[in-house]
Amino acid sequence: TWQELLKVMRTIDDRIVHELNTTVPTASFAGKIDASQTCKQLYESLMEAHASRDRVIKNCIAQTSSVVKQLREEREKNLDDLTLLKQLRKEQTKLKWMQSELNVEEVVNDRSWKVFNERCRIHFKPPKNE
């Protein structure tokens with residue numbers, strides 16, 4: 001299902017956070033390892049993961065929105081059709097849930113960037129345009 005797909009896609013953030021915590025030293029150990037390459041790779045992985053999840057969620061929202069719009073139009077022509085009403089309600093619920101996933105996504109992303117910045121700010125400076 002859609003929920004399982006998002007869950008799998010979000011494990012990337014968990015792995016990156018874990019990797020940041022285990023491979024990128026804290027400032028007090030910074031001299032013992034060159035973390036800039038690791039931070040650069042993890043930065044690119046996070047950017048890619050966040051962009052692809054954002055695309056998936058927004059595509060699903062767009063598709064479901066058009067289904068809701070279509071069902072609404074059909075419903076206006078057939079006010080007595082209860083099956084149509086049930087279908088419309090189901091799609092509207094799905095749409096609300098998908099929209100709420102954008103908020104979840106923001107929380108997941110913020111957490112990942114917080115760890116990234118804590119671990120990598122002295123090793124790697126992301127490009128300015130992002």
| said: So if I apply the salt bridge (Lys or Arg N to Asp or Glu O under 4.0 Å) rule between E101 and each of R10, K7, K94, which one comes out positive? | reply: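 When salt bridge (Lys or Arg N to Asp or Glu O under 4.0 Å) is applied between E101 and each of R10, K7, K94, only R10 qualifies.
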
Do [X] and [Y] have side chains that approach each other closer than 4.5 Å (heavy atoms only, starting at C-beta)?
X	Y	answer
L95	V67	no
K114	E118	yes
L6	V104	no

| Restricting to pairs with a member in residues 62-113, which pass ring pair (Phe, Tyr, Trp, His ring centres under 6.0 Å), not counting sequence neighbours? |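 Counting only pairs at least two positions apart or across chains, the ring pair (Phe, Tyr, Trp, His ring centres under 6.0 Å) contacts touching residues 62-113 are W2-W97, Y43-W113, H50-W113, W113-F116.
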
| field | Short N-O contact, E73 and K69, less than 4.0 angstrom | value |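 A salt bridge links E73 with K69.
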
| field | Residues L79, L85; criterion side chain to side chain contact (heavy atoms under 4.5 Å, CB included); working and verdict | value | CA-CA 8 Å; L79 292 174; L85 178 63; over 6 Å; no

| message | Rounded at 0.5 Å granularity, tell me how far CD in E91 sits from CE in M98. | response |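 Output value for this atom pair is 7.5 Å.
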
| query | Rounded to the nearest 0.5 Å, what separation is found between the CG atom of D54 and the CE atom of M9? | reply | 10.0 Å

| Stepwise side chain to side chain contact (heavy atoms under 4.5 Å, CB included) test for T64 and Q92 | CA-CA 8 Å; T64 306; Q92 286 172 325; over 6 Å; no

| Evaluation steps, salt bridge (Lys or Arg N to Asp or Glu O under 4.0 Å), between K40 and E44 | CA-CA 6 Å; K40 182 180 191 292; E44 288 165 359; 2.8 Å; yes

| R111 and D14: which non-hydrogen atoms are nearest, and at how many Å? |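 The answer is NH2-OD1, 2.9 Å.
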
| field | Chi angles and distances behind the salt bridge (Lys or Arg N to Asp or Glu O under 4.0 Å) call for D81, K86 | value | CA-CA 9 Å; D81 190 338; K86 273 165 87 171; over 6 Å; no

